[in-house]
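Reviewing the structure listed below.
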Number of protein chains: 2
Amino acid sequence: MKNSINTILKTSQLSVTTNRIKILELFQNSGNALSHADIEKLSGKHFDRVTIYRTLQTFVDKGIIHTIPTADNSIMYALCKEACTSGHHHDDHVHFICEVCGSTYCLDNISLPQVNVPKGFSINQTNILVHGVCKNCK
Amino acid sequence: MKNSINTILKTSQLSVTTNRIKILELFQNSGNALSHADIEKLSGKHFDRVTIYRTLQTFVDKGIIHTIPTADNSIMYALCKEACTSGHHHDDHVHFICEVCGSTYCLDNISLPQVNVPKGFSINQTNILVHGVCKNCK
DNA sequence: ATATATTTTGCAACGCTGTTGCATATTCAT
DNA sequence: ATGAATATGCAACAGCGTTGCAAAATATAT
């Protein structure tokens with residue numbers, strides 16, 4: 001586990017620091033998406049707000065995590081699958097937000113529906129955000 | 001035009017004020033979605049920031065406008081169709097954001113794709129956000 | 001039409017989120 | 001172990017959105 005985190009950082013050409021290891025562990029242990037505030041809480045305020053912002057930004061830039069737009073306008077972050085590389089995200093999967101427990105899921109295994117747009121419009125990226133109740137809360 | 005705005009406000013049980021008329025006119029004239037900042041600019045700073053926030057919130061509560069989550073986490077607002085009533089929004093249409101001109105379109109006429117979720121998950125609301133290039137910018 | 005009650009507005013102040021500059025500390029490469 | 005490069009923490013700041021309250025505008029009743 002620790003070793004794989006090490007590998008992730010090294011292949012992304014990032015210094016291996018306590019801080020980054022800790023944040024990546026939080027993502028791996030959680031399984032779901034996390035907000036900046038989640039990380040601040042989960043980490044027990046051991047490191048600075050600013051460091052968390054910069055770390056998350058770095059991870060997004062390097063393709064380690066991706067952002068999820070939410071209806072209440074809080075940014076969520078989740079681990080990217082292997083397909084993502086620096087500067088090239090492939091996160092066109094469906095995001096599911098549970099209205100009961102608040103968890104955000106990346107539904108990677110679900111087929112992405114075909115979205116139609118009018119003539120003259122071209123699609124670059126599609127975000128699908130589903131609100132509902134997850135299997136643990138029903 | 002002015003009369004229909006009057007009707008919208010009255011049927012929503014809201015006082016008819018210069019402020020609200022002006023903001024509704026901005027939406028009607030624009031045709032596309034507007035952000036708080038857009039309204040502040042377009043109105044020429046004639047009224048207070050706070051008033052705009054409160055007016056938008058009131059309109060959302062009354063089902064006159066709806067919010068659109070965006071990838072860059074700026075809230076956009078757009079006029080609701082007739083189907084929306086106070087507390088019950090029906091805005092499951094596709095939202096399209098042009099990466100060139102920045103306009104946000106509500107694609108009401110486009111069929112909403114069927115989104116599949118895993119067993120045990122139930123859907124309450126679906127937001128589909130498409131980024132690309134609109135017909136005016138291609 | 002006027003007076004009264006209700007609603008809306010503007011102002012001031014505040015909290016929260018996210019950013020930047022810079023000095024210090026940590027990590028990396030030799 | 002040493003120096004160069006990178007990451008961190010602190011302080012300060014900007015922007016977004018909210019709240020409380022007094023003044024103004026609107027609606028209601030007479």
Side-chain angles (χ1 to χ4, degrees), chain A residues 2-3 5-26 33-62 64-77 86 102, chain B residues 2-3 5-26 33-62 64-77 86 102:
Chain A
K2 198 132 193 171
N3 194 30
I5 285 179
N6 227 290
T7 309
I8 291 172
L9 291 173
K10 290 209 167 152
T11 51
S12 298
Q13 295 177 304
L14 293 172
S15 302
V16 179
T17 68
T18 322
N19 207 315
R20 288 173 177 164
I21 292 170
K22 178 82 179 178
I23 290 182
L24 277 181
E25 276 176 355
L26 290 178
L34 298 174
S35 68
H36 177 275
D38 291 335
I39 293 169
E40 214 169 345
K41 271 182 222 131
L42 289 170
S43 68
K45 313 240 177 200
H46 282 311
F47 27 75
D48 201 75
R49 272 177 348 109
V50 180
T51 303
I52 299 177
Y53 282 116
R54 285 196 271 228
T55 303
L56 289 172
Q57 189 55 55
T58 303
F59 285 176
V60 170
D61 291 344
K62 293 293 186 178
I64 298 173
I65 60 178
H66 62 276
T67 60
I68 306 170
T70 62
D72 73 336
N73 250 56
S74 66
I75 310 180
M76 300 294 292
Y77 300 87
S86 181
Chain B
K2 199 135 196 170
N3 195 28
I5 284 179
N6 226 290
T7 309
I8 292 173
L9 291 174
K10 290 210 167 150
T11 50
S12 297
Q13 297 178 302
L14 292 172
S15 301
V16 179
T17 66
T18 323
N19 206 315
R20 289 174 176 161
I21 292 170
K22 178 82 179 179
I23 290 183
L24 278 180
E25 278 177 355
L26 290 177
L34 298 175
S35 68
H36 177 275
D38 290 335
I39 294 170
E40 214 169 344
K41 270 183 224 131
L42 290 171
S43 67
K45 314 240 178 198
H46 282 309
F47 26 75
D48 201 73
R49 273 180 344 113
V50 180
T51 302
I52 299 177
Y53 282 117
R54 285 198 270 229
T55 303
L56 290 172
Q57 189 54 57
T58 302
F59 286 175
V60 170
D61 291 345
K62 295 291 186 180
I64 299 172
I65 61 177
H66 63 275
T67 60
I68 305 170
T70 62
D72 73 335
N73 250 57
S74 65
I75 311 180
M76 300 295 292
Y77 300 87
S86 180

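Every chain is numbered from 1, with letters handed out A, B, ... down the list of sequences.
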Distance in angstrom units between A/Ile52 CD1 and C/dG18 C1', rounded = 12 Å
message = Does A/Arg20 reach a base, just sugar-phosphate, or nothing at all? Heavy atoms under 4.0 Å.
response = sugar-phosphate
OP1 or OP2 of C/dT17 under 4.0 Å from side-chain N/O of A/Ser74 = no
task = For A/Leu9 and D/dA7, give me the distance from atom CG to atom C1', rounded to whole Å.
result = 12 Å
key: d(CD1, A/Ile39; P, C/dG18) in whole Å   = 11 Å
key: Quiz item: B/Arg49 side-chain donor-acceptor pair to D/dG17 base, under 3.5 Å   = yes
ask   = Relative to the 5' end of DNA chain D, which residue comes earlier, B/Ile75 or B/Thr18, by the nucleotide with the nearest heavy atom?
value = B/Ile75
message = Nearest to the side chain of A/Ser15, heavy atoms from C-beta on, is which of C/dG10, C/dT27, D/dT8?
response = C/dT27
ask   = If you pin B/Ala37 and B/Leu14 to their nearest nucleotides in DNA chain D, which one's is more 5'?
value = B/Ala37
ask   = From the list C/dC11, D/dG17, D/dT8, which nucleotide is the closest neighbour of the side chain of B/Val50?
value = C/dC11
key: side-chain contact (heavy atoms from CB on, under 4.5 Å), paired with A/Leu24, selected from A/Leu9, A/Thr55, A/Asn19   = A/Leu9
message = side chain to side chain donor-acceptor pair (under 3.5 Å) for A/Thr58 and A/Asp61? Distances and angles first, verdict last.
response = CA-CA 5 Å; A/Thr58 303; A/Asp61 291 344; 5.6 Å; no
key: Proximity to the side chain of A/Tyr53 - top-ranked nucleotide from C/dT19, C/dG10, D/dG17   = C/dT19
query = Heavy atoms under 4.0 Å, any strand shown: does B/Arg54 hit a base, just sugar-phosphate, or nothing?
reply = base
query = For A/Thr58, which contact category applies under a 4.0 Å heavy-atom criterion: base, sugar-phosphate, or nothing?
reply = nothing
query = Can you tell which of D/dG17, C/dG10, C/dT19 lies closest to the side chain of B/Asp48?
reply = C/dG10
key: Candidates D/dT8, C/dT9, D/dT18 - which lies nearest the side chain of B/Asn19   = C/dT9
request  = Report yes if at least one side-chain N or O of A/Thr17 is closer than 4.0 Å to OP1 or OP2 of D/dT6; otherwise report no.
outcome  = no
